[in-house]
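One structure below.
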Amino acid sequence: MVEHDALSATREAYDAAAPSYAQLFCDTLRERPLDRAILSAFAEVVTASGDGQVADLGCGPGYVTAHLDELGLAAFGVDASPAMIELARQAYPGLRFDVGSMAALDIADGVLGGVLSRWSIIHTPPGELPVVLAEFHRVLAPGGHLLVGFSASDDPSHPTQVFDHAVVPAYRWSPDHLAAMLRTSGLAEVARMVREPQPTDRRQFQEIQLLARKA
């Protein structure tokens with residue numbers, strides 16, 4: 001029930017914020033060379049492992065899905081917000097975008113070469129995250145890769161910290177704790193990127209991107 005309430009609240013909040021969100025973040029990657037670098041590395045390892053489709057889960061208005069397509073991946077987007085999906089379809093009519101929940105993906109077992117979860121787990125209550133990670137593992141093919149981005153907690157002794165997100169309350173995670181959860185789900189960490197906050201950043205959080213592989 002908690003997960004359902006959180007998912008409903010997140011969907012409704014992003015539906016309401018969709019137009020302003022899309023306008024605010026449409027050029028984000030242009031200003032983030034490190035993010036572009038890790039996405040390029042993700043594309044390379046997915047291709048080297050046998051290619052296959054890539055799901056951008058929590059795709060929002062679709063600009064990162066489009067970037068993955070430009071990198072040569074057969075990428076499609078999934079988001080819980082119908083308004084976000086509508087914007088993505090309008091902006092990128094040549095790409096596939098579906099409404100869906102990360103906790104119950106309408107994707108067959110073991111068919112994906114990659115899963116991208118770029119700050120899309122942050123609104124998932126901690127008790128429900130194992131279900132989402134199990135879905136990531138289920139849809140990935142053996143040897144497939146997951147790239148998950150999130151904000152780090154300040155205290156490693158605390159697995160999660162709640163923070164006041166602009167759209168809906170969200171969670172920061174201890175990178176080591178989340179990496180351990182990935183291992184429990186059958187996804188072994190390959191690499192991680194840590195981005196320190198810049199003085200001009202509104203939130204002074206470390207940003208983490210973990211690359212993991214399904215055995």
Side-chain angles (χ1 to χ4, degrees), residues 3-4 6-8 10-11 14 38-125 127-150 178-179 181-191 209-215:
E3 190 277 337
H4 180 268
L7 179 60
S8 297
T10 300
R11 180 189 297 115
Y14 275 98
I38 194 75
L39 289 171
S40 293
F42 172 67
E44 286 193 32
V45 296
V46 168
T47 301
S49 298
D51 214 348
Q53 286 189 307
V54 173
D56 178 10
L57 302 181
C59 66
Y63 65 92
V64 178
T65 316
H67 185 73
L68 295 179
D69 177 71
E70 291 171 0
L71 292 173
L73 297 176
F76 66 96
V78 178
D79 201 280
S81 164
M84 287 289 193
I85 290 298
E86 182 59 29
L87 289 175
R89 289 170 176 168
Q90 291 173 8
Y92 309 103
L95 298 179
R96 169 187 161 193
F97 295 97
D98 300 328
V99 177
S101 165
M102 294 189 299
L105 293 164
D106 187 18
I107 300 171
D109 295 355
V111 298
L112 298 182
V115 166
L116 176 66
S117 172
R118 185 176 165 83
W119 274 264
S120 57
I121 65 166
I122 64 172
H123 302 301
T124 302
E128 299 297 329
L129 188 58
V131 175
V132 171
L133 299 184
E135 277 292 272
F136 293 172
H137 179 272
R138 180 185 67 79
V139 298
L140 279 170
H145 286 81
L146 164 70
L147 180 61
V148 57
F150 57 97
L178 189 53
M181 292 181 70
L182 290 174
R183 286 195 299 274
T184 300
S185 300
L187 298 162
E189 181 180 354
V190 174
Q209 300 203 47
L210 290 178
L211 180 65
R213 181 179 182 273
K214 178 177 175 177

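Model, not experiment: these values are computed from the prediction. Position 1 is the first residue of the sequence; numbering continues from there.
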Nearest heavy-atom neighbours spanning Ala88 and Gly60: CB-O, 3.9 Å
Under 3.5 Å donor-acceptor, Lys214 side chain and His137 backbone: yes
Backbone of Ala80 reached by a side-chain donor or acceptor of Arg11 within 3.5 Å: yes
Steps toward side-chain contact (heavy atoms from CB on, under 4.5 Å) verdict (Thr124, Val131): CA-CA 10 Å; Thr124 302; Val131 175; over 6 Å; no
Side chain proximity check, Leu68 to Phe42, heavy atoms < 4.5 angstrom: yes
Inter-residue atom distance Ile85.CD1 - Phe97.CZ, 0.5 Å rounding: 7.0 Å
Gap between atom CZ of Arg96 and atom CD of Gln53 - 0.5 Å precision: 6.0 Å
Derivation and outcome, side-chain contact (heavy atoms from CB on, under 4.5 Å), residues Phe150 and Leu178: CA-CA 10 Å; Phe150 57 97; Leu178 189 53; 3.2 Å; yes
Nearest heavy-atom neighbours spanning Ser120 and Gly58: CB-CA, 3.7 Å
Heavy atoms of other groups near Asp106 CG, more than 12 under 6.0 Å: no
Interatomic distance, Ser185 atom OG to Leu140 atom CG [nearest 0.5 angstrom]: 11.0 Å
Nearest heavy-atom neighbours spanning Ser40 and Leu71: OG-CD2, 3.8 Å
Minimum heavy-atom distance Glu135-Leu105, with the two atoms named: OE1-N, 2.7 Å
Closest heavy-atom pair and its distance - Pro82, Val99: CA-CG2, 3.9 Å
Side chain to side chain, Pro130 and Met181, heavy atoms closer than 4.5 Å: yes
Reported CZ-to-CD distance for the pair Arg89 and Glu86, which is rounded to 0.5 angstrom: 6.5 Å
Gap between atom CE of Met102 and atom CD of Glu128 - 0.5 Å precision: 11.5 Å
Step-by-step side-chain contact (heavy atoms from CB on, under 4.5 Å) determination, Val148 to Leu133: CA-CA 10 Å; Val148 57; Leu133 299 184; 6.0 Å; no
Straight-line distance of Ile107 CD1 to Arg138 CZ, nearest 0.5 Å: 7.5 Å
Test log, rule side-chain contact (heavy atoms from CB on, under 4.5 Å), inputs Phe136 and Ser117: CA-CA 9 Å; Phe136 293 172; Ser117 172; 3.9 Å; yes
Gly143 backbone acceptor or donor facing His145 side chain under 3.5 Å: yes
Donor-acceptor pair, side chain of Asp69 and main chain of Ala75, under 3.5 angstrom: no
Qualifying residue for side-chain contact (heavy atoms from CB on, under 4.5 Å) with Val115, from Asp56, Val139, Leu147: Val139
